[in-house]
J.: 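Right, I'll just put the structure down here and ask away after.
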Amino acid sequence: MTNPRILAHFQESADLKMKAANVLAQPIEQAIELMFTALSNGNKILACGNGGSAADSQHFAAELVGRFERERLPLPAMALTTDSSILTAVGNDYSYQEIFSKQVQAFGQAGDVLLAFSTSGNSGNILAAIEVAHERDMRVVALTGKGGGKIGKVLTDADVHICVPHERTARIQEVHLVTLHCICDGIDVALFGDDANE
Ligand SMILES: O=C(CO)[C@@H](O)[C@H](O)[C@H](O)[C@H](O)COP(=O)(O)O
Ligand SMILES: [Zn+2]
(Lines give C-alpha, C1' and ligand atoms only; values in the text may rest on other atoms or scores of the structure.)
(Ligands and ions follow the chains in the order given, each with its own letter.)
Protein backbone atom coordinates (compact mmCIF):
# COMPACT_ATOMS: atom_id res chain seq x y z
CA MET A 1 0.00 0.00 0.00
CA THR A 2 1.54 3.34 -1.06
CA ASN A 3 2.00 5.78 1.80
CA PRO A 4 -1.08 8.05 1.46
CA ARG A 5 0.85 11.20 2.43
CA ILE A 6 3.46 10.54 -0.25
CA LEU A 7 0.75 9.77 -2.77
CA ALA A 8 -1.05 12.99 -1.83
CA HIS A 9 2.07 15.10 -2.48
CA PHE A 10 2.55 13.60 -5.92
CA GLN A 11 -1.14 13.84 -6.79
CA GLU A 12 -1.51 17.47 -5.69
CA SER A 13 1.70 18.40 -7.55
CA ALA A 14 0.64 16.61 -10.73
CA ASP A 15 -2.85 18.12 -10.67
CA LEU A 16 -1.47 21.63 -10.15
CA LYS A 17 1.09 21.28 -12.93
CA MET A 18 -1.57 20.41 -15.49
CA LYS A 19 -3.81 23.28 -14.30
CA ALA A 20 -0.82 25.66 -14.35
CA ALA A 21 0.21 24.53 -17.85
CA ASN A 22 -2.98 26.04 -19.24
CA VAL A 23 -3.01 29.14 -17.05
CA LEU A 24 0.70 29.99 -17.37
CA ALA A 25 1.59 29.00 -20.95
CA GLN A 26 1.13 32.56 -22.24
CA PRO A 27 3.20 34.42 -19.61
CA ILE A 28 5.90 31.76 -19.93
CA GLU A 29 6.03 32.41 -23.69
CA GLN A 30 6.27 36.14 -22.93
CA ALA A 31 9.14 35.46 -20.51
CA ILE A 32 10.98 33.42 -23.15
CA GLU A 33 10.60 36.20 -25.71
CA LEU A 34 11.64 38.88 -23.24
CA MET A 35 14.75 36.96 -22.12
CA PHE A 36 15.75 35.90 -25.65
CA THR A 37 15.50 39.50 -26.83
CA ALA A 38 17.60 40.71 -23.90
CA LEU A 39 20.26 38.03 -24.49
CA SER A 40 20.29 38.79 -28.23
CA ASN A 41 20.95 42.45 -27.40
CA GLY A 42 23.98 41.52 -25.31
CA ASN A 43 22.17 41.94 -22.01
CA LYS A 44 22.22 39.53 -19.07
CA ILE A 45 19.81 37.95 -16.57
CA LEU A 46 20.12 38.42 -12.80
CA ALA A 47 18.15 35.99 -10.57
CA CYS A 48 17.20 36.18 -6.90
CA GLY A 49 14.99 34.43 -4.37
CA ASN A 50 14.93 33.20 -0.77
CA GLY A 51 15.27 29.64 0.55
CA GLY A 52 14.14 27.13 -2.04
CA SER A 53 13.83 29.97 -4.53
CA ALA A 54 17.50 30.86 -3.97
CA ALA A 55 18.25 27.35 -5.17
CA ASP A 56 16.00 27.89 -8.18
CA SER A 57 17.89 31.13 -8.97
CA GLN A 58 21.17 29.22 -8.97
CA HIS A 59 19.66 26.32 -10.92
CA PHE A 60 18.54 28.70 -13.68
CA ALA A 61 21.88 30.50 -13.86
CA ALA A 62 23.71 27.18 -14.11
CA GLU A 63 21.57 26.07 -17.06
CA LEU A 64 22.24 29.28 -18.95
CA VAL A 65 25.97 29.53 -18.26
CA GLY A 66 26.34 25.76 -18.70
CA ARG A 67 23.62 24.11 -20.76
CA PHE A 68 20.06 22.90 -20.51
CA GLU A 69 19.71 19.94 -22.94
CA ARG A 70 21.47 21.20 -26.07
CA GLU A 71 25.10 22.18 -26.60
CA ARG A 72 25.59 25.92 -27.00
CA LEU A 73 27.86 28.72 -25.89
CA PRO A 74 27.42 30.09 -22.37
CA LEU A 75 24.63 32.63 -21.88
CA PRO A 76 25.07 35.49 -19.34
CA ALA A 77 23.02 34.72 -16.23
CA MET A 78 23.93 35.28 -12.60
CA ALA A 79 22.31 34.27 -9.30
CA LEU A 80 22.52 37.03 -6.66
CA THR A 81 22.23 34.41 -3.92
CA THR A 82 25.72 32.92 -3.93
CA ASP A 83 28.35 35.39 -2.69
CA SER A 84 28.34 34.88 1.08
CA SER A 85 30.63 37.87 1.65
CA ILE A 86 28.32 40.22 -0.24
CA LEU A 87 25.22 38.74 1.42
CA THR A 88 26.65 38.90 4.96
CA ALA A 89 28.30 42.31 4.57
CA VAL A 90 25.20 43.97 3.12
CA GLY A 91 22.90 42.11 5.52
CA ASN A 92 25.09 43.06 8.47
CA ASP A 93 25.99 46.64 7.51
CA TYR A 94 22.73 47.68 5.90
CA SER A 95 19.79 45.22 6.10
CA TYR A 96 18.68 41.83 4.86
CA GLN A 97 16.15 43.72 2.74
CA GLU A 98 19.00 45.10 0.62
CA ILE A 99 21.01 41.94 -0.06
CA PHE A 100 19.70 41.68 -3.62
CA SER A 101 18.90 45.31 -4.45
CA LYS A 102 22.51 46.41 -3.76
CA GLN A 103 23.67 43.80 -6.25
CA VAL A 104 21.11 44.90 -8.83
CA GLN A 105 22.40 48.45 -8.31
CA ALA A 106 25.99 47.23 -8.81
CA PHE A 107 25.53 44.81 -11.70
CA GLY A 108 22.27 45.67 -13.42
CA GLN A 109 22.31 47.63 -16.69
CA ALA A 110 19.49 49.01 -18.86
CA GLY A 111 17.98 46.16 -20.87
CA ASP A 112 19.02 43.46 -18.41
CA VAL A 113 16.37 41.17 -16.93
CA LEU A 114 15.73 40.52 -13.25
CA LEU A 115 14.28 37.05 -12.65
CA ALA A 116 12.59 37.46 -9.26
CA PHE A 117 11.20 34.51 -7.25
CA SER A 118 8.81 34.82 -4.34
CA THR A 119 6.15 32.19 -3.64
CA SER A 120 4.29 34.65 -1.38
CA GLY A 121 4.93 37.64 -3.59
CA ASN A 122 5.73 39.57 -0.40
CA SER A 123 9.43 39.11 0.42
CA GLY A 124 10.88 42.55 1.12
CA ASN A 125 14.28 41.90 -0.42
CA ILE A 126 12.67 40.79 -3.67
CA LEU A 127 10.42 43.87 -3.74
CA ALA A 128 13.50 46.03 -3.15
CA ALA A 129 15.37 44.29 -5.99
CA ILE A 130 12.43 44.88 -8.35
CA GLU A 131 12.33 48.57 -7.38
CA VAL A 132 16.01 49.03 -8.25
CA ALA A 133 15.60 47.01 -11.45
CA HIS A 134 12.89 49.42 -12.57
CA GLU A 135 15.08 52.41 -11.63
CA ARG A 136 17.82 50.97 -13.85
CA ASP A 137 15.48 50.47 -16.82
CA MET A 138 15.60 46.68 -16.49
CA ARG A 139 12.70 44.34 -17.26
CA VAL A 140 11.38 41.96 -14.58
CA VAL A 141 10.14 38.38 -14.87
CA ALA A 142 8.48 37.56 -11.54
CA LEU A 143 7.64 34.00 -10.50
CA THR A 144 5.17 34.12 -7.65
CA GLY A 145 2.15 32.33 -6.19
CA LYS A 146 -0.58 32.97 -3.62
CA GLY A 147 -2.17 35.58 -5.84
CA GLY A 148 1.09 37.47 -6.45
CA GLY A 149 1.13 39.51 -3.24
CA LYS A 150 2.73 42.98 -3.25
CA ILE A 151 4.95 42.03 -6.20
CA GLY A 152 1.87 41.70 -8.38
CA LYS A 153 1.07 45.33 -7.60
CA VAL A 154 4.48 46.82 -8.47
CA LEU A 155 5.10 45.11 -11.82
CA THR A 156 4.67 47.20 -14.98
CA ASP A 157 3.13 46.26 -18.34
CA ALA A 158 6.69 45.77 -19.62
CA ASP A 159 7.30 43.03 -17.04
CA VAL A 160 6.07 39.42 -17.02
CA HIS A 161 4.24 37.94 -14.05
CA ILE A 162 4.08 34.14 -13.77
CA CYS A 163 1.80 33.59 -10.79
CA VAL A 164 1.15 29.96 -9.83
CA PRO A 165 -2.52 29.47 -8.90
CA HIS A 166 -1.92 27.85 -5.50
CA GLU A 167 -1.44 28.77 -1.82
CA ARG A 168 1.11 26.09 -0.79
CA THR A 169 4.77 27.15 -1.07
CA ALA A 170 6.09 23.69 -1.93
CA ARG A 171 3.60 23.22 -4.77
CA ILE A 172 4.32 26.70 -6.11
CA GLN A 173 8.04 25.96 -6.15
CA GLU A 174 7.46 22.73 -8.05
CA VAL A 175 5.68 24.68 -10.78
CA HIS A 176 8.43 27.34 -10.73
CA LEU A 177 10.92 24.58 -11.47
CA VAL A 178 9.12 23.22 -14.51
CA THR A 179 8.63 26.84 -15.62
CA LEU A 180 12.40 27.41 -15.51
CA HIS A 181 12.93 24.39 -17.71
CA CYS A 182 10.27 25.63 -20.15
CA ILE A 183 12.15 28.96 -20.36
CA CYS A 184 15.52 27.24 -20.89
CA ASP A 185 13.99 25.06 -23.60
CA GLY A 186 12.29 28.06 -25.19
CA ILE A 187 15.55 30.00 -25.36
CA ASP A 188 17.28 27.04 -27.03
CA VAL A 189 14.44 26.68 -29.54
CA ALA A 190 14.72 30.41 -30.30
CA LEU A 191 18.45 29.97 -30.86
CA PHE A 192 18.46 26.71 -32.83
CA GLY A 193 14.92 25.95 -33.90
CA ASP A 194 12.66 23.18 -32.74
CA ASP A 195 14.44 19.84 -32.21
CA ALA A 196 11.21 17.85 -32.03
CA ASN A 197 12.18 15.87 -35.14
CA GLU A 198 15.79 15.24 -34.00
O1 LIG B 1 11.62 26.09 0.20
C2 LIG B 1 10.93 26.48 1.14
C3 LIG B 1 9.58 25.90 1.40
O4 LIG B 1 9.30 24.81 0.55
C5 LIG B 1 11.38 27.60 2.03
O6 LIG B 1 12.80 27.54 2.19
C7 LIG B 1 10.99 28.97 1.43
O8 LIG B 1 11.74 29.13 0.22
C9 LIG B 1 11.34 30.08 2.42
O10 LIG B 1 10.43 29.98 3.50
C11 LIG B 1 11.29 31.48 1.79
O12 LIG B 1 11.75 32.43 2.74
C13 LIG B 1 9.90 31.88 1.34
O14 LIG B 1 9.99 33.19 0.73
P15 LIG B 1 8.98 33.59 -0.49
O16 LIG B 1 8.98 32.45 -1.47
O17 LIG B 1 7.63 33.81 0.11
O18 LIG B 1 9.55 34.86 -1.08
ZN1 LIG C 1 11.02 24.16 -0.81
Side-chain angles (χ1 to χ4, degrees), residues 3-21 23-24 27-28 31 35 45-63 77-84 86-92 94-105 107-108 113-134 138-156 159-184:
N3 176 317
R5 282 189 72 86
I6 292 173
L7 199 57
H9 276 286
F10 278 81
Q11 188 66 60
E12 188 179 55
S13 188
D15 292 347
L16 177 60
K17 282 177 181 169
M18 291 323 295
K19 177 184 175 185
V23 172
L24 300 180
I28 292 172
M35 289 188 182
I45 298 168
L46 304 179
C48 59
N50 293 280
S53 296
D56 287 344
S57 300
Q58 292 161 209
H59 186 159
F60 180 76
E63 288 182 327
M78 208 163 95
L80 304 179
T81 54
T82 61
D83 187 317
S84 57
I86 290 174
L87 296 171
T88 54
V90 173
N92 194 42
Y94 296 91
S95 71
Y96 187 73
Q97 175 124 327
E98 297 175 70
I99 63 168
F100 300 133
S101 55
K102 284 270 187 198
Q103 295 184 77
V104 175
Q105 192 79 37
F107 302 124
V113 177
L114 178 71
L115 177 60
F117 295 85
S118 178
T119 60
S120 65
N122 291 325
S123 285
N125 56 14
I126 305 299
L127 281 157
I130 291 170
E131 183 180 357
V132 173
H134 285 154
M138 294 169 62
R139 306 286 290 280
V140 177
V141 174
L143 273 70
T144 67
K146 303 179 188 178
K150 293 174 187 165
I151 287 176
K153 296 179 174 57
V154 300
L155 296 174
T156 70
D159 299 326
V160 177
H161 189 188
I162 300 170
C163 181
V164 178
H166 210 274
E167 294 298 316
R168 193 171 180 184
T169 297
R171 295 290 90 85
I172 294 163
Q173 289 174 329
E174 289 152 10
V175 175
H176 284 176
L177 183 52
V178 70
T179 297
L180 290 184
H181 287 150
C182 289
I183 292 173
C184 290

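Both ligands and their constituent atoms are indexed starting at 1 by order of listing. Heavy-atom basis, side chains included; hydrogens, waters and symmetry copies ignored.
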J.: Give the intermediate values and the outcome of side-chain contact (heavy atoms from CB on, under 4.5 Å) for residues Leu114 and Phe100.
T.: CA-CA 10 Å; Leu114 178 71; Phe100 300 133; over 6 Å; no
J.: Going from OG1 on Thr169 to NE2 on His176, what distance comes out if it is rounded to the nearest 0.5 angstrom?
T.: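 It comes to 9.5 Å.
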J.: What residue and heavy atom of the protein are closest to atom 14 (O) of ligand 1, and at what distance?
T.: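 Checking every protein heavy atom, the shortest distance to atom 14 (O) of ligand 1 gives Ser123 OG, 3.6 Å.
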J.: Pairing donors with acceptors under 3.5 angstrom, does anything connect the side chains of Thr119 and Gln173?
T.: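 Checked: Thr119/Gln173 side chains show no N/O donor-acceptor pair below 3.5 Å.
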J.: Tell me, which protein residue and heavy-atom name are nearest atom 17 (O) of ligand 1, and how many Å apart are they?
T.: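 Its nearest protein heavy-atom neighbour is Ser120 OG, 2.7 Å.
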J.: Examine the proximity of ligand 1 to Thr169 and report which part, side chain or backbone, both or neither, has a heavy atom under 4.0 Å away.
T.: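 Contact part for Thr169 vs ligand 1: side chain (C-beta onward).
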J.: Quick test: of every protein heavy atom, which one is nearest to atom 8 (O) of ligand 1, and how far off is it to 0.1 Å?
T.: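 That would be Gly52 N, 2.9 Å.
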J.: Once ring pair (Phe, Tyr, Trp, His ring centres under 6.0 Å) is applied, do any residues pair with His9, and if so which ones, sequence neighbours excluded?
T.: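 If we apply the ring pair (Phe, Tyr, Trp, His ring centres under 6.0 Å) test to His9, skipping adjacent residues, there are no hits.
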J.: Please report which non-hydrogen protein atom sits nearest to atom 4 (O) of ligand 1, along with the residue it belongs to and the distance in Å to one decimal place.
T.: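 Going atom by atom, the protein heavy atom closest to atom 4 (O) of ligand 1 ends up being Gln173 OE1, 2.9 Å.
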J.: Could you walk me through whether Leu46 and Gln103 pass the side-chain contact (heavy atoms from CB on, under 4.5 Å) test, one step at a time?
T.: CA-CA 9 Å; Leu46 304 179; Gln103 295 184 77; over 6 Å; no
J.: Tell me yes or no: between the side chains of Thr156 and Asp159, is some donor less than 3.5 Å from an acceptor?
T.: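 The criterion, which ignores hydrogens and geometry beyond distance, is satisfied for Asp159 and Thr156.
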J.: Looking only at protein heavy atoms, which one is nearest to atom 13 (C) of ligand 1, and what is the separation?
T.: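 Here the nearest protein heavy atom works out to Thr119 OG1, 4.4 Å.
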J.: Taking 2.8 Å as the cut-off, does an N/O/S atom of Thr169 lie below it from the Zn ion (ligand 2)?
T.: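 No.
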J.: Just to confirm my output: which protein heavy-atom neighbour is closest to atom 11 (C) of ligand 1, and how far is it?
T.: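 Going atom by atom, the protein heavy atom closest to atom 11 (C) of ligand 1 ends up being Asn50 O, 3.8 Å.
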